[in-house]
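Because the structure is predicted, anything quoted here is derived from the model rather than measured. First the proteins, then the strands, lettered A, B, ... as listed; each starts at 1.
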Protein chains: 2
Amino acid sequence: MPMTDKRERLIYTAADLFHRQGYHRTTFADVAEASGVPMGNIYYYYKTKGDLAAAVIDQREAEYVKLRAAWEGALEPRARLRSWLDTIIGGCDGLVAHGCPFGGLSHELDKEGGPLADKADATTTRLIEWSAKQFRQMGLKDPHALGVEFVARMQGVILVAGIMRDAGEFRRQMDRVRAWLDSL
Amino acid sequence: MPMTDKRERLIYTAADLFHRQGYHRTTFADVAEASGVPMGNIYYYYKTKGDLAAAVIDQREAEYVKLRAAWEGALEPRARLRSWLDTIIGGCDGLVAHGCPFGGLSHELDKEGGPLADKADATTTRLIEWSAKQFRQMGLKDPHALGVEFVARMQGVILVAGIMRDAGEFRRQMDRVRAWLDSL
DNA sequence: CTGGGTGTTGGATGGTTATCCAACTCACCA
DNA sequence: TGGTGAGTTGGATAACCATCCAACACCCAG
């Protein structure tokens, strides 16, 4: 049963293409070529483009679960949030070049509506709630608003630095977010 | 020469559809139906979809020029930035429902590359520079970084509040941006 | 060896899309 | 009045796309 291998190859290829080209610009033919899996065979694993997108979202959700577990290795909630920030900063190049892989997909799917959009949104919501929890553990007032602010700031920096195509500005702005975090 | 009328109708229709459905999801047929201009006739005015998009970007640039002039009615640079913020807050519903009309288009075009992306990016850059100028006039250190931060925060709030589909959170977060602005 | 099931494949299909065109309207002027 | 050209129109076209399928390869149980 080496199908797992192929399934994963398809998911990772699709995730990468969705990130770089966007969901709508990416065709099954693109996925076929990039993954080396013939188009006819892709369909054996994922009956529709939506199914493939759902699998990509699931994969990312699983990835975030793992990441959150890693960030929770830090004892202090503030340090956990800093870990997240560091993870983001580590992905600087890809983020500046193509935007947030998840935010972008989410935004695109939102314009379609439907269950896929909800699924993507739920993943983002979980991330916001996780950061709100950290702020709550820090004993701060209005932790939910702080959580939203934290995520919004990171997303905003990714978007604007992407438009400016300026990795230096990206880092500078993320440092500002870190300074804000440390000042709370 | 009532062609101006039709040209504008096409631009506004396209701008609206690009905002609500996204650029790629919007077809010439959509624009034709929504504007009441037959497809064959659209082509008389705009030879390609890219031409239409360029016209939309130009129209938005012109709109921002007017808006900036209005915001500059305020004498204090801080008040000018507040005017911008108020303009954004006034568009709450549309922004939460469909994202930033310009940021979204910019992001989508960036994934295509090409001169259209540069054109869109330039408009955003001008907005950032304008806000940097206000921070400079306030005598603050590192006005450029502040300008980027201001725009990034607004964009981030629009994006995240859109994903959460929460107009209340949108307003709450924008109030936080205003508080930050007032604290500088 | 053999039948059936799991995978695999290239190409077919039906619908959509941007783009283009040949013919038409009609106001204006020589 | 006949000609001219800007503006208009529905439909043609060629490409592309997600989806589907009929046939094929391979493997293991009987």
* Minimum side-chain heavy-atom gap B/Arg176-A/Asp142 below 4.5 Å -> yes

* Asked: B/Glu33 CD to D/dT9 P: how many Å, rounded?
  -> 15 Å

* Check the distance between C/dA18's P and B/His24's NE2 and give it to me in whole angstrom. => 10 Å

* Asked: Can you check the A/Ile42 CD1 to C/dT8 P distance for me, whole Å?
  -> 12 Å

* **Pairwise 5' ranking along DNA chain D for A/Gly50 and B/Gly40, keeping only the more 5' one** => B/Gly40

* Check whether any side-chain nitrogen or oxygen of B/Lys6 sits under 4.0 Å from OP1 or OP2 of D/dT8, and answer yes or no. => yes

* Does the ring of A/Tyr46 carry A/Arg7 above it, NZ/CZ under 6.0 angstrom from centre and within 45° of its axis? -> yes

* To do: Could you state the atom-to-atom distance from OH of B/Tyr44 to P of D/dA6 in whole Å?
  => 6 Å

* Structure fact -> B/Leu52 atom CG is separated from C/dT19 atom C1', nearest whole Å, by 14 Å

* A/Tyr23 to A/Glu112 - nearest heavy-atom pair and separation -> CE2-OE2, 4.1 Å

* Asked: Does a salt bridge link B/Glu61 with B/Arg68, judged by any charged N lying under 4.0 Å from a carboxylate O?
  -> yes

* Spacing of B/Leu10 atom CG relative to C/dA18 atom P, expressed in whole Å -> 14 Å

* Whole-Å distance between C/dT17 P and A/Arg25 CZ? -> 16 Å

* Out of C/dT19, D/dA18, C/dT8, which nucleotide sits closest to the side chain of A/Phe28? -> D/dA18

* To do: Kindly say if B/Tyr45 contacts the phosphate of D/dG7, meaning a side-chain N or O under 4.0 Å from OP1 or OP2.
  => no

* Look at A/Asp182 together with A/Arg82 and state whether they make a salt bridge at an N to O cut-off of under 4.0 Å. => yes

* Asked: C/dT17 C1' sits how many Å from B/Lys47 NZ, rounded?
  -> 20 Å

* Among D/dT9, C/dT17, D/dT19, the nucleotide that comes nearest once only the side chain of B/Thr27 is considered -> C/dT17

* Which nucleotide, D/dA18, D/dT9, C/dT9, lies nearest any side-chain atom of B/Asn41? -> D/dT9

